[in-house]
Amino acid sequence: MNRFVPILIASLALCGNLFGREFTVMVYNVENLFDIDGVSRFEDYRQPPEGHYGPEQMVNKMANIRRALEAVNEGKGPEVILFQEFELDLTPLGSPTPEAFLAMTQGRSLEELLLEERWVAALPVELLMLKHLEDHGLTGYHVAKPDSFQMADHTPHNNVVFSRFPIKFVRQRDLHDARDLQVVGLDVDGRTFIVLNNHWKSGASNADTEPIRVQNALVVRAELESILLDDPDADVIIAGDLNCYYNHKAVFADRFEETGVNDILPTHGNEKRMAGPDADGLYNLWFELPEEERGSEVYRGYWGTLMQILLAPGLYDNRGIQYVDNSFDRLTLPGENVDARWGRPMRWNNVGGGVGFSDHLPLVARFRVLDEDTDGWMSLENPTREAFTDDRPRMDFRLRDRRAVPDAEGLANLGERDRATLLGELFRLDTVLVSERPAKVRIGDLEMQIYAPMRELRNKLDERSVGDGITTYATLETYRGQFQFVIHDPSWILKD
């Protein structure tokens with residue numbers, strides 16, 4: 001269920017009477033938005049013939065990112081966007097400023113420039129994304145990006161902030177084996193709003209990488225404490241892809257003695273604790289949603305909450321900027337950025353010219369500017385007071401209606417572009433294995449791998465030999481640029 005639209009309407013009515021302007025913050029890991037300068041750390045994102053990523057794929061990916069932005073503020077897009085997984089430009093010398101680039105290319109579309117001006121293809125992706133948004137009416141964004149020459153760990157990605165508010169300052173802090181922490185101060189109608197844009201070390205369940213995330217969190221905490229030492233009432237959010245769950249400590253109680261997100265920062269689910277003189281810690285906005293809706297990505301059949309927005313106490317007082325209570329949500333567009341059958345994120349694929357959005361859902365939250373500063377704290381409606389549990393919603397892949405599921409044989413008659421439009425769709429397979437470890441089947445002239453994320457199902461596939469029959473349901477997906485079938489539930493296998 002997406003509660004964002006009714007909340008937006010209600011909050012706009014409220015702010016018309018009591019407050020100044022409201023604005024939306026979106027946090028969005030776009031999954032590998034890379035440029036096309038011919039230099040890439042990832043093979044899949046090199047230009048042909050070495051890779052499968054060119055101008056068509058890049059522009060299609062930008063168009064889908066734009067569609068997600070246009071779902072906010074009646075098509076105008078969020079006022080503030082914290083992006084993760086923009087490519088860290090590996091050829092940064094000679095790039096114009098965002099303002100200069102827009103001025104010199106006014107009246108010409110990005111697609112036209114890519115065809116006629118070879119130098120444009122060498123520009124960093126944040127400039128190309130800004131131009132794409134301008135071409136389609138999402139205008140007025142300032143860009144805050146880190147200095148790639150200051151990065152001790154030269155990662156493939158960086159964090160970038162787009163803001164319609166003027167940028168007062170930009171800082172970056174080195175995070176070990178992760179993208180640099182980006183600290184951006186925004187001037188929102190004369191009030192300072194500070195965003196800490198994060199992308200921590202990956203491997204949420206890995207005991208070897210959690211100490212790295214602890215280090216990442218220590219840097220974030222030091223930055224936050226420095227900000228609050230200067231101004232205890234500062235309006236600060238910490239957000240991004242933290243590569244850990246909101247309830248990380250509880251989920252991995254038998255594996256981690258200390259976690260970055262729950263122990264170091266620390267975060268909590270007691271919103272009442274935020275609105276008062278003894279406010280402390282950081283409130284995690286995932287607690288605003290029912291447990292079954294807490295999820296920004298799916299991994300091995302379970303929803304995860306790697307994407308997070310954390311609020312400092314200053315956003316709950318009656319000064320400066322306030323959080324709009326209960327405005328947090330994940331942005332889901334059924335049939336677009338999530339599949340229509342199960343609501344899974346439709347991740348990006350370069351096949352067929354490029355389809356899909358991201359393996360992460362964007363998060364959105366509303367904030368408002370107070371016309372006057374007064375003592376006290378905002379009133380809360382149904383504030384949470386929730387302890388951490390190890391609960392994680394599981395994807396329900398059971399098939400309740402097997403009618404009208406097409407036969408996979410029809411895929412053999414389609415070209416790559418048409419097959420790409422069917423990614424995530426369910427098909428019925430009735431065939432034999434033509435390969436073992438990895439298991440493969442043949443559909444017409446196509447030979448495709450068949451895979452199961454669940455270990456018990458993978459074991460069943462591994463036990464089969466070439467020539468053994470298999471009758472099952474499977475979704476059409478991709479792996480390393482190749483189409484494959486994926487079995488997500490034991491009930492899908494019809495013949496053992």
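Worth knowing before you read on, the calculation uses all heavy atoms, side chains too, and leaves out hydrogens, waters and symmetry mates. We number each residue from 1, following the sequence as shown.
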From [atom1] ([X]) to [atom2] ([Y]), nearest 0.5 Å:
| X | Y | atom1 | atom2 | value |
| --- | --- | --- | --- | --- |
| Lys249 | Thr389 | NZ | OG1 | 15.0 Å |
| Trp200 | Leu306 | CH2 | CG | 11.5 Å |
| Leu282 | Ile309 | CG | CD1 | 13.0 Å |
| Ile212 | Asp177 | CD1 | CG | 4.5 Å |
| Phe86 | Asn158 | CZ | CG | 8.5 Å |
| Leu114 | Arg118 | CG | CZ | 13.0 Å |

Testing the basics here: between [X] and [Y], what is the closest heavy-atom pair and its distance to 0.1 Å?
| X | Y | answer |
| --- | --- | --- |
| Glu210 | Thr259 | OE2-CA, 3.2 Å |
| Gly424 | Thr475 | O-CG2, 3.9 Å |
| Ala420 | Gly352 | CB-CA, 4.0 Å |
| Leu196 | Leu82 | O-CD2, 4.3 Å |
| Val143 | Pro98 | CB-CG, 4.0 Å |
| Gly260 | Ala217 | O-CB, 3.4 Å |

Q. Hey, mind stepping through Phe287 and Phe388 against ring pair (Phe, Tyr, Trp, His ring centres under 6.0 Å) and telling me if it holds?
A. CA-CA 10 Å; Phe287 285 99; Phe388 291 109; 5.5 Å; yes

Q) side-chain hydrogen bond (donor to acceptor under 3.5 Å, both in side chains) between Asn73 and Glu79: does it pass, once the steps are laid out? A) CA-CA 9 Å; Asn73 287 341; Glu79 285 81 4; 3.0 Å; yes

Please tell me whether [X] and [Y] have a donor and an acceptor in their side chains that are separated by less than 3.5 angstrom.
| X | Y | result |
| --- | --- | --- |
| His360 | Glu297 | yes |
| Ser109 | Asp135 | no |
| Asn284 | Thr267 | no |
| Tyr246 | Arg294 | yes |
| Glu87 | Asn32 | no |
| Asp489 | Ser491 | yes |
| Thr24 | Arg366 | yes |
| Glu288 | Tyr323 | yes |

Quick one: sort the [X] and [Y] rings into parallel, tilted or perpendicular, breaks at 30° and 60°.
| X | Y | result |
| --- | --- | --- |
| Phe252 | Phe256 | tilted |
| His132 | His136 | tilted |
| Phe34 | Tyr45 | tilted |

Q | Stepwise side chain to side chain contact (heavy atoms under 4.5 Å, CB included) test for Met129 and Leu33 | A | CA-CA 9 Å; Met129 186 75 228; Leu33 178 59; 3.8 Å; yes

I want to check something: taking the side chain as every heavy atom from C-beta on, are [X] and [Y] in contact at a cut-off of under 4.5 Å?
| X | Y | answer |
| --- | --- | --- |
| Trp286 | Ser296 | yes |
| His248 | Asp263 | no |
| Val364 | Val25 | no |
| Gln482 | Thr478 | no |
| Pro406 | Arg428 | no |

Q | Aromatic centroids of Phe162 and Phe83 separated by under 6.0 Å | A |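 Ring-ring flag for Phe83/Phe162: true, centres closer than 6.0 Å.
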
Q: May I ask you to check whether Phe397 and Trp342 place their ring centres under 6.0 Å from each other?
A: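 Here the rings of Phe397 and Trp342 have centres that are less than 6.0 Å from each other.
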
Q: Could you point out which residue of Leu123, Val59, Leu113 forms a side-chain contact (heavy atoms from CB on, under 4.5 Å) with Leu128?
A: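 Of all the options given, the one that passes is Leu123.
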
Q: Decide side-chain hydrogen bond (donor to acceptor under 3.5 Å, both in side chains) for Arg67 and Asn64; before the verdict, give the C-alpha distance in whole Å, the side-chain angles of both, and the deciding distance to 0.1 Å.
A: CA-CA 5 Å; Arg67 290 188 183 97; Asn64 284 354; 2.2 Å; yes

N/O donor-acceptor pair under 3.5 Å between [X] side chain and [Y] backbone:
| X | Y | value |
| --- | --- | --- |
| Arg46 | Ser40 | yes |
| Glu31 | Trp348 | yes |
| Asp468 | Arg464 | no |

Would you mind checking if [Y] and [X] are paired as a salt bridge, meaning a charged N to carboxylate O distance below 4.0 Å?
| X | Y | result |
| --- | --- | --- |
| Arg344 | Glu477 | yes |
| Arg66 | Glu70 | yes |
| Glu293 | Arg330 | no |
| Arg458 | Asp462 | no |
| Asp396 | Arg398 | yes |

Q) So Leu426 and Leu399, side chain to side chain contact (heavy atoms under 4.5 Å, CB included) or not? Walk me through it. A) CA-CA 10 Å; Leu426 187 69; Leu399 295 180; 3.7 Å; yes

Q.
Among His199, Arg173, Gln172, exactly one meets side chain to side chain donor-acceptor pair (under 3.5 Å) together with Asp180. Which residue is that?
A.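 The single option meeting the side chain to side chain donor-acceptor pair (under 3.5 Å) with Asp180 is Gln172.
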
Q. Do Arg392's NZ or CZ and the ring of Tyr245 fall within the cation-pi criteria of under 6.0 Å and 45°?
A.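 Satisfied, under 6.0 Å and within 45°.
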
Q. Cation over ring, Arg419 on Phe483, under 6.0 Å and within 45°?
A.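 So Arg419 does make the cation-pi contact.
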
Q) Where do Glu386 and Thr384 land on the side-chain hydrogen bond (donor to acceptor under 3.5 Å, both in side chains) test, with the steps shown first? A) CA-CA 6 Å; Glu386 190 176 330; Thr384 62; 5.7 Å; no

Q: Evaluate the side-chain hydrogen bond (donor to acceptor under 3.5 Å, both in side chains) criterion for residues Gln182 and Asn159: first the C-alpha distance (whole Å), next the side-chain angles of each, then the deciding distance (0.1 Å), finally the verdict.
A: CA-CA 7 Å; Gln182 187 183 29; Asn159 305 320; 5.4 Å; no

Q | Full working for ring pair (Phe, Tyr, Trp, His ring centres under 6.0 Å) between Phe42 and His157 | A | CA-CA 11 Å; Phe42 293 173; His157 306 116; 5.6 Å; yes

Q) Passes side chain to side chain contact (heavy atoms under 4.5 Å, CB included), Leu315 versus Ile237? Steps please. A) CA-CA 8 Å; Leu315 291 164; Ile237 69 168; 3.5 Å; yes

Q: Output, in order, the C-alpha distance, side-chain angles, deciding distance and verdict of salt bridge (charged side-chain N to carboxylate O under 4.0 Å, His left out) for Arg417 and Glu56.
A: CA-CA 12 Å; Arg417 287 180 182 272; Glu56 181 182 18; 2.8 Å; yes

